[in-house]
Chemist: 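Before I ask anything, here is the structure I am working with.
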Amino acid sequence: MKKQDKAKMYRGVLDVADFELGHTLGSGQCFRWGRDVDGWWKGIAYGVAIHLKQDESGLQFCASSESVSTYAGEMDLSEFLRWYLRLDEYPRFRVSRDDKYLRQARDLMKGLRFVRQDPFECIISYVLSVQAHMTLTKRRINLIARTVGHPVDFDGKRYWAFPIPDRVATLDGQFFRKQRFGWRSERVADSAGFVAQQFGSGDATLAQWRAVNDALLERSGSGVGLKVAKCIDLFSLERLHSVPVDTWVRKFAESWYGVTGSDAKICKWGEDRWGKWAGYCNEYLFSYYRELHGGTLYDKVLSFNASDEPSAELPFDMV
DNA sequence: GGCCAGGCGCGAC
DNA sequence: GTCGCGCATGGC
């Protein structure tokens with residue numbers, strides 16, 4: 001990186017409607033964002049460090065680059081942010097009058113959008129997320145980025161771009177064991193290696209990424225089972241009808257809808273019930289249920305946004 | 001200090 | 001196909 005680029009900062013304001021930044025970035029869908037003490041959300045996506053703040057004027061942004069490269073093409077910064085945050089897509093749908101939980105959940109979580117995450121980063125993130133807390137998963141992803149990613153210095157802080165598959169594939173199960181990733185170690189290594197084998201640079205089309213995710217689900221030892229694959233589908237592969245079933249979804253399915261059984265059965269129930277918007281319906285209910293019944297402050301969305309505390313784990317180092 | 005975290009994989013049926 | 005159990009680790 002050239003010296004003069006380091007100091008550059010690209011700013012602007014975006015018009016937004018029916019959008020809530022805190023619900024979107026604080027919902028737990030993405031791992032490389034955090035709200036700092038100054039109230040700004042700070043993160044790194046597609047190799048660009050970005051700061052965001054929503055107020056009466058709209059969505060304020062500043063970032064380390066004026067153009068961003070994605071699997072959907074090269075975009076200028078504001079175009080990228082509209083795409084990344086789905087600012088022009090509105091999840092509007094009818095909810096039947098007798099589904100009171102979904103009505104309440106939707107009203108509370110309205111404004112949440114599914115972020116278009118980088119597919120490879122999303123795959124590794126969700127393999128790591130299995131049976132681990134958000135903050136621990138964030139820490140582990142940041143560790144991978146600091147180890148084999150490249151630094152992005154911005155606003156007096158050092159962010160780390162998530163590395164391409166070839167780079168992550170240089171780390172083996174032993175390395176991750178040493179880093180105390182536990183039994184996820186060999187699975188992260190396997191998935192990274194599998195992806196690297198096909199597109200080492202991480203350069204692939206959406207259709208190719210979908211094929212990779214489908215293959216990882218079939219592949220034993222990848223760490224990608226039904227839940228993880230559905231998360232990857234929903235959060236990075238445009239499959240917005242996906243319903244990932246975790247422990248919280250199982251709980252609300254049983255106590256609010258009387259639905260029990262295997263994860264596969266609950267998944268199919270949700271996808272059939274809610275159809276095209278199933279991903280959003282499930283996410284609303286998931287967030288609402290967890291808000292009511294569990295977790296710490298950082299795991300909640302509404303309480304967290306109502307407080308002025310910073311996130312537990314921020315995606316940068318002070319330099 | 002025990003319980004459980006936004007599960008997966010394997011072996012028994 | 002599905003049920004039950006082991007799997008590392010850390011937070012609360």
Side-chain angles (χ1 to χ4, degrees), chain A residues 23 25-33 105 109 112 114-115 117 122-144 173-192 194 213-236 242-255 259-270 278-301 303-304 309 311-313:
Chain A
H23 292 180
L25 295 181
S27 65
Q29 60 177 307
C30 41
F31 298 91
R32 307 205 68 214
W33 285 92
M109 297 309 301
L112 178 150
F114 290 129
V115 167
Q117 296 188 42
C122 195
I123 289 167
I124 299 302
S125 297
Y126 279 91
V127 169
L128 285 176
S129 78
V130 173
Q131 285 284 293
H133 294 95
M134 273 298 291
T135 51
L136 185 56
T137 304
K138 284 183 171 184
R139 202 174 302 156
R140 288 171 172 159
I141 294 163
N142 286 332
L143 185 140
I144 292 175
Q174 225 178 2
F175 170 83
F176 294 119
R177 285 276 171 186
K178 271 188 203 151
Q179 299 298 330
R180 314 185 68 76
F181 282 33
W183 39 260
R184 298 164 199 77
S185 298
E186 290 74 22
R187 298 175 186 176
V188 184
D190 181 274
S191 279
F194 182 78
N213 191 32
D214 296 344
L216 285 170
L217 176 58
E218 297 304 312
R219 182 180 166 84
S220 169
S222 67
V224 179
L226 182 61
K227 191 270 179 181
V228 169
K230 289 287 178 182
C231 284
I232 296 165
D233 278 339
L234 184 59
F235 300 135
S236 73
S242 297
V243 170
V245 176
D246 66 7
T247 157
W248 294 105
V249 173
R250 274 196 297 276
K251 285 177 188 167
F252 85 65
E254 176 167 10
S255 66
V259 175
T260 56
S262 66
D263 291 358
K265 184 185 161 193
I266 295 170
C267 173
K268 186 170 186 325
W269 166 77
Y280 277 103
C281 294
N282 185 57
E283 185 72 23
Y284 292 157
L285 288 161
F286 162 79
S287 300
Y288 182 38
Y289 189 90
R290 203 179 52 179
E291 182 78 21
L292 293 176
H293 296 108
T296 62
L297 178 64
Y298 301 116
D299 291 329
K300 301 186 180 199
V301 184
S303 308
F304 175 65
E309 289 191 49
S311 301
E313 183 80 10

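Residue numbers begin at 1 in each chain, while the letters A, B, ... track the order of the sequences. Quick note: numbers below take in every heavy atom, side chains included, and nothing from hydrogens, waters or symmetry partners.
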Chemist: Quickly work out the I266(A) CD1 to dG1(C) P distance and round it to whole Å.
Modeler: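 I266(A) atom CD1 is separated from dG1(C) atom P by 18 Å.
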Chemist: Can you tell me, in whole Å, how much space there is between the C1' of dC5(C) and that of dC4(B)?
Modeler: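 Approximately 16 Å lies between the C1' atom of dC5(C) and that of dC4(B).
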Chemist: For a quick check of understanding: with a heavy-atom distance under 4.0 Å over all strands, which category does G223(A) fall into, base, sugar-phosphate or nothing?
Modeler: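 Since only primed, P, OP1 and OP2 atoms lie under 4.0 Å of G223(A), the category is sugar-phosphate.
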Chemist: Rounded to the nearest angstrom, tell me the gap between atom CG in D233(A) and atom C1' in dG6(B).
Modeler: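 It is 16 Å, rounded to the nearest whole Å.
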Chemist: Does any N or O donor sit under 3.5 Å from an N or O acceptor when you compare the side chain of R180(A) with the base of dG10(C)?
Modeler: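 Side chain to base: no pair below 3.5 Å.
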Chemist: Roughly, in whole Å, what's the span from CZ in R250(A) to C1' in dC4(B)?
Modeler: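 Rounded to the whole Å, the gap is 12 Å.
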Chemist: In terms of side-chain heavy atoms of S220(A), which of dG6(B), dC7(C), dC10(B) is nearest?
Modeler: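 Of dG6(B), dC7(C), dC10(B), dC10(B) is nearest to the side chain of S220(A).
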Chemist: Pick the nucleotide of DNA chain C nearest each of Y298(A) and G261(A); which residue has the one closer to the 5' end?
Modeler: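 Looking at the nearest nucleotide for each, G261(A) comes out on the 5' side.
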Chemist: State which of dT2(C), dG6(B), dG7(B) makes the closest approach to the side chain of S262(A).
Modeler: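 Among the listed nucleotides, the one closest to the side chain of S262(A) is dT2(C).
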Chemist: Specify the separation, in whole Å, of atom CG of L128(A) and atom P of dA5(B).
Modeler: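 Checked: the CG to P distance equals 19 Å.
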Chemist: Side chain of R140(A) only, heavy atoms from C-beta on: which candidate in dA8(C), dT9(C), dG6(B) is closest?
Modeler: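 Nucleotide nearest to R140(A)'s side chain: dT9(C).
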Chemist: Figure out the OH/P separation between Y126(A) and dG6(B), and round it to whole Å.
Modeler: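 Y126(A) atom OH is separated from dG6(B) atom P by 11 Å.
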Chemist: Taking atom C1' in both dG9(B) and dG10(C), what distance in whole Å separates the two?
Modeler: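 Result for the C1' pair: 23 Å, nearest Å.
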Chemist: Check whether K178(A) reaches the backbone of G173(A) with its side chain - one donor and one acceptor, N or O, closer than 3.5 Å.
Modeler: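 No, K178(A) side chain to G173(A) backbone: no donor-acceptor pair under 3.5 Å.
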Chemist: Tell me whether Y298(A) contacts the main-chain N or O of E313(A) through its side chain, where contact means a donor paired with an acceptor under 3.5 Å.
Modeler: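 No; judged by distance alone, with no hydrogens or angles, the pair does not exist.
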Chemist: Could you state the CD-C1' distance from E313(A) to dG11(C), rounded to the nearest angstrom?
Modeler: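 Rounded to the whole Å, the gap is 13 Å.
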Chemist: Check step by step if side-chain contact (heavy atoms from CB on, under 4.5 Å) holds for R184(A) and R140(A).
Modeler: CA-CA 11 Å; R184(A) 298 164 199 77; R140(A) 288 171 172 159; 3.7 Å; yes
Chemist: Nearest-Å distance, OH (Y288(A)) to C1' (dG6(B))?
Modeler: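 After rounding, the reported distance stands at 20 Å.
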Chemist: Base, sugar-phosphate or nothing for T296(A)? Non-hydrogen atoms, less than 4.0 Å.
Modeler: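 If one applies the 4.0 Å heavy-atom cut-off, T296(A) turns out to touch the sugar-phosphate alone, with no base involved.
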Chemist: So, OP1 or OP2 of dG9(B): does either fall under 4.0 Å of a side-chain N or O from R184(A)?
Modeler: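 No, R184(A) has no side-chain N/O under 4.0 Å of OP1/OP2 on dG9(B).
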Chemist: Consider the side chain of V228(A), meaning its heavy atoms from C-beta on, and name the nucleotide among dG6(B), dA8(C), dC8(B) that approaches it most closely.
Modeler: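 Nearest to the side-chain atoms of V228(A), counting from C-beta on, is dC8(B).
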Chemist: Rounded to whole angstrom, note down the P distance from dG6(C) over to dG6(B).
Modeler: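 Here dG6(C) and dG6(B) have their P atoms 22 Å from each other.
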Chemist: Between dG9(B), dG7(B), dG10(C), which one does the side chain of L136(A) approach most closely?
Modeler: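 Of the candidates, dG10(C) comes closest.
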Chemist: Using a 4.0 Å heavy-atom cut-off across all strands, classify R177(A) as base, sugar-phosphate, or nothing.
Modeler: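 Counting heavy atoms under 4.0 Å across all strands, the contact made by R177(A) is with sugar-phosphate only.
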Chemist: Would you indicate, yes or no, if dA5(B) has its OP1 or OP2 atom less than 4.0 angstrom from a side-chain nitrogen or oxygen of K251(A)?
Modeler: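 K251(A) to dA5(B) OP1/OP2: side-chain N or O found under 4.0 Å.
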Chemist: Which residue, F286(A) or L217(A), contacts DNA chain B at a nucleotide closer to its 5' end, judged by nearest heavy atom?
Modeler: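 Its nucleotide being nearer the 5' end, the pick is F286(A).
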Chemist: If I take atom NZ in residue K227(A) and atom C1' in nucleotide dC8(B), what distance separates them, rounded to the nearest angstrom?
Modeler: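 Atom NZ in K227(A) sits about 12 Å away from atom C1' in dC8(B).
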Chemist: Checking K138(A) side chain against R32(A) main chain: does a donor-acceptor pair fall under 3.5 Å?
Modeler: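 Such a contact is absent between K138(A) side chain and R32(A) backbone.
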Chemist: Between S303(A) and K300(A) (side chain of the first, backbone of the second, donor and acceptor by atom type, cut-off under 3.5 Å), is there such a pair?
Modeler: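 A pair under 3.5 Å: no.
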Chemist: Assuming nearest nucleotide by heavy-atom distance, tell me which of S222(A) and S27(A) is located more 5' along DNA chain B.
Modeler: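 Between the two, 5'-proximity favours S27(A).
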Chemist: Can you figure out which of dA5(B), dG6(B), dG9(B) approaches the side chain of R187(A) most closely?
Modeler: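 Between dA5(B), dG6(B), dG9(B), the one nearest the side chain of R187(A) would be dG9(B).
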Chemist: Between D263(A) and K227(A), does any NZ, NE, NH1 or NH2 come within less than 4.0 Å of an OD or OE carboxylate oxygen?
Modeler: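 Looking at K227(A) and D263(A), the cut-off is not met.
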Chemist: Rounded to the nearest 0.5 Å, what separation is found between the CG atom of L216(A) and the OG atom of S222(A)?
Modeler: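 The distance works out to 5.0 Å.
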Chemist: Please measure how far the P atom in dG11(C) lies from the corresponding atom in dC8(B), and state the result in whole Å.
Modeler: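 After rounding to an integer number of Å, I get 22 Å for this pair.
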Chemist: Closest approach to the side chain of W183(A), judged atom by atom: which nucleotide of dA8(C), dG6(B), dC8(B) is it?
Modeler: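 Among dA8(C), dG6(B), dC8(B), the one nearest the side chain of W183(A) is dA8(C).
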Chemist: What nucleotide among dG10(C), dG7(B), dG6(B) has an atom nearest to a side-chain atom of W248(A)?
Modeler: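 The nucleotide sitting nearest to the side chain is dG6(B).
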Chemist: Please determine whether a side-chain nitrogen or oxygen atom of Q131(A) lies at a distance below 4.0 Å from atom OP1 or OP2 of dA5(B).
Modeler: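 Indeed not, no polar side-chain atom of Q131(A) lies that close.
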Chemist: Using a 4.0 Å heavy-atom cut-off, does E186(A) contact any base of the nucleic acid, only the sugar-phosphate backbone, or nothing at all?
Modeler: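 Nothing: the residue E186(A), judged by heavy atoms under 4.0 Å, touches no strand.
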